[in-house]
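Here's the structure we're looking at; comments come further down.
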2 protein chains.
Amino acid sequence: MDASTYHHGNLKSALLEHAAAEIEDSGVEKLSLRQVAKRAGVSHAAFAHHFGSAQGLLTALAAEGFTLFGKALSDARNRDCPQDVDQLESSGLAYIQFALDHSQLFSLMFSSKLPDFSDPTLDEASMKAFQAFIADVHGSNVLEVDGPGGIDTVAMGNWAKVHGLATLLLTGRMRSVLSLDATQRTQAIRQILANDGN
Amino acid sequence: MDASTYHHGNLKSALLEHAAAEIEDSGVEKLSLRQVAKRAGVSHAAFAHHFGSAQGLLTALAAEGFTLFGKALSDARNRDCPQDVDQLESSGLAYIQFALDHSQLFSLMFSSKLPDFSDPTLDEASMKAFQAFIADVHGSNVLEVDGPGGIDTVAMGNWAKVHGLATLLLTGRMRSVLSLDATQRTQAIRQILANDGN
DNA sequence: GCGTTTATCTTGCCAGTGTCAAGATTATTT
DNA sequence: AAATAATCTTGACACTGGCAAGATAAACGC
């Protein structure tokens, strides 16, 4: 926007913003760096210095997504009184709601191998979000426990259920749930999360 | 292979095979039609007549994947005696095992928007597989039921749990489970599936 | 048998992509 | 004020998928 300056000032965050916007209405699969650059009013090779490669941009974007995700979860936890509600329902709904609200970002974060998940920043952001979710639901930090006896299978099962529901809804499966209107759908999701399994 | 013939004979299925192979060791994200064509010993534009576009190929590949998926599930059902075992564990394990064995194909089928899921062939193949899974676990066809009271929330919950576990394992989350050796991991998955939730 | 039509595959081109190298421009430091 | 570093542009490269026009082979009608 600032055409007067040769140096943009904060190009890095500007590119991230535009990339996020571009992704959210065109899909992750067909993201074009050149398009994003044009949208930011900058040359097509301006990325290199800030992100290295396209993967660098997507990695940063995914990391940003995970901190946003973590915030959405903690917001839900703070909003709902811990005494009154079932935390699995509350946090699970927030988990799923985030997936539906930021569908493209969510699929970048989870259903793609485009970002570099070994990147320390991304790794830390994602772990933080997961830990927070598990802690909210179970009151303990179970992700770091390993060894055969140490795994909290209940926590894993709940996480899997919530995550599976989110992705199945996101990818257009579960049409009987998707065809419901907003309030009925929320109700249905609540019921699915609440049920005992068998 | 048959260099003597100008007309390949069964190029369509040959291209599908090579594409599947290429995907499985290079990933879905970076599939190149030209590379597949070269591998099949054919020109880069030979696709057009058989699949139309790249999406056509991926759609056919996904459809093939779903029938394969359905067969893996029914195989598991037939192998394990229905009386002895918990069907959720049996079918769930087969579901997850398929995901781990054909990881790239699985992510094409579920975690991508590259295929055209409105394609009748693909739609039918996927629905068939899902129906079979639900029927195996619950003995009834619940996917077609809709309306607020008609949804089988227990079946949905179990499906979500199994699918979530598959995708979380596939994308490298749940490290404490992934770090186990094969038999211990199977045991852990079994436990996660068996637990009641709360 | 032969000629025509149809299906299949190739060649050549196009606009578009991400990446790299070299240079221009501005900020920062010394 | 000079030197250095950071930032951005320009131009090229190899590669991608899609399209048009033509070559080749098969199938069909007679």
Side-chain angles (χ1 to χ4, degrees), chain A residues 1-23 25-62 104 108 112-117 119, chain B residues 1-62 104 108 112-116 119:
Chain A
M1 298 294 134
D2 226 336
S4 61
T5 56
Y6 186 95
H7 283 200
H8 185 287
N10 55 348
L11 220 186
K12 188 163 184 175
S13 57
L15 286 176
L16 277 174
E17 263 185 54
H18 282 110
E22 187 90 354
I23 275 185
D25 58 52
S26 296
V28 191
E29 332 263 5
K30 55 183 87 167
L31 175 71
S32 159
L33 294 192
R34 288 175 118 100
Q35 201 73 26
V36 174
K38 190 178 288 181
R39 210 152 134 165
V42 97
S43 113
H44 66 268
F47 282 91
H49 195 267
H50 293 286
F51 298 104
S53 65
Q55 190 181 33
L57 171 73
L58 294 175
T59 302
L61 205 57
Q104 302 298 331
L108 172 69
S112 91
K113 278 135 199 165
L114 296 167
D116 175 20
F117 289 102
D119 176 83
Chain B
M1 296 296 133
D2 226 338
S4 60
T5 56
Y6 186 95
H7 282 201
H8 187 286
N10 54 349
L11 221 186
K12 189 164 182 174
S13 58
L15 286 176
L16 277 175
E17 263 185 53
H18 282 109
E22 186 91 354
I23 274 184
E24 212 57 45
D25 58 53
S26 296
V28 191
E29 332 263 4
K30 56 184 85 164
L31 174 71
S32 159
L33 295 191
R34 289 175 117 100
Q35 201 72 27
V36 175
K38 189 179 288 179
R39 213 152 132 166
V42 97
S43 113
H44 67 267
F47 283 91
H49 196 266
H50 294 284
F51 299 104
S53 66
Q55 189 182 30
L57 171 73
L58 295 175
T59 302
L61 205 57
Q104 302 298 331
L108 172 68
S112 91
K113 277 135 202 167
L114 296 168
D116 175 19
D119 177 84

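Labels below follow one simple rule: chain letters A, B, ... track the order of the sequence lines, proteins then strands, and each chain is numbered from 1. What you see is a predicted model; the values in this text were computed from it and never measured.
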Item to check | Value rounded to 0.5 Å, distance of OG in A:Ser43 from CZ in A:Arg34 | outcome: 9.0 Å
Checklist outcome for this item: Sorted by number, residues from residues 24-31 of chain B placing a heavy atom under 4.0 Å from DNA chain C are none
Item to check | A:Asn10 CG - D:dA6 P separation (whole Å) | outcome: 18 Å
Next on the checklist: With a 4.0 Å cutoff (strictly under), does any side-chain N or O of B:Ser32 reach OP1 or OP2 of D:dC15?
Outcome noted: no
Checklist entry - Looking at A:Phe47 and A:Leu33, what are the two nearest heavy atoms and their distance? => result CE1-O, 3.3 Å
Checklist outcome for this item: Shortest non-hydrogen pair, B:Ser26 vs B:Lys30, comes out as O-CG, 3.2 Å
Checklist outcome for this item: Here the pair of heavy atoms bringing B:Leu16 nearest to B:Ala60 is CD2-CB, 4.0 Å
Checklist outcome for this item: Rounded to whole Å, the CG-P distance (B:Leu11 to D:dA26) equals 14 Å
Checklist entry - Donor-acceptor pair under 3.5 Å: do we get one between A:Arg34's side chain and the base of C:dG16? => result no
Next on the checklist: Within the structure provided, determine whether B:Lys113 and A:Gln104 are in side-chain contact (heavy-atom separation under 4.5 Å).
Outcome noted: yes
Item to check | Which atom of A:Ala21 lies closest to which atom of A:Arg39, heavy atoms considered | outcome: CB-NH2, 3.4 Å
Checklist outcome for this item: Rounded to whole Å, NZ of B:Lys38 lies from P of D:dC15 at a distance of 8 Å
Next on the checklist: Contact list please: residues 43-59 of chain A against DNA chain C, heavy atoms, distance less than 4.0 Å, in numerical order.
Outcome noted: A:His44, A:Ala45, A:Ser53, A:Ala54
Checklist outcome for this item: Overall bend of the helix from C:dG1-D:dC30 to C:dT30-D:dA1 (five pairs an end, 10° steps) is 10°
Next on the checklist: I want to check something: taking the side chain as every heavy atom from C-beta on, are B:Leu108 and B:Pro115 in contact at a cut-off of under 4.5 Å?
Outcome noted: yes
Checklist entry - A:Asn10 and A:Ser13: which non-hydrogen atoms are nearest, and at how many Å? => result O-OG, 3.2 Å
Checklist entry - Please give, in whole Å, the distance from C:dT17 C1' to B:Leu33 CG? => result 14 Å
Checklist entry - Taking atom CD of A:Glu17 as the centre, does the number of heavy atoms from other residues, nucleotides or ligands within less than 6.0 Å exceed 12? => result no
Item to check | Heavy-atom side-chain proximity of B:Leu58 to B:Leu31 below 4.5 angstrom | outcome: yes
Next on the checklist: So which atom in B:His18 and which in B:Ala40 form the shortest heavy-atom distance, rounded to 0.1 Å?
Outcome noted: ND1-CB, 3.7 Å
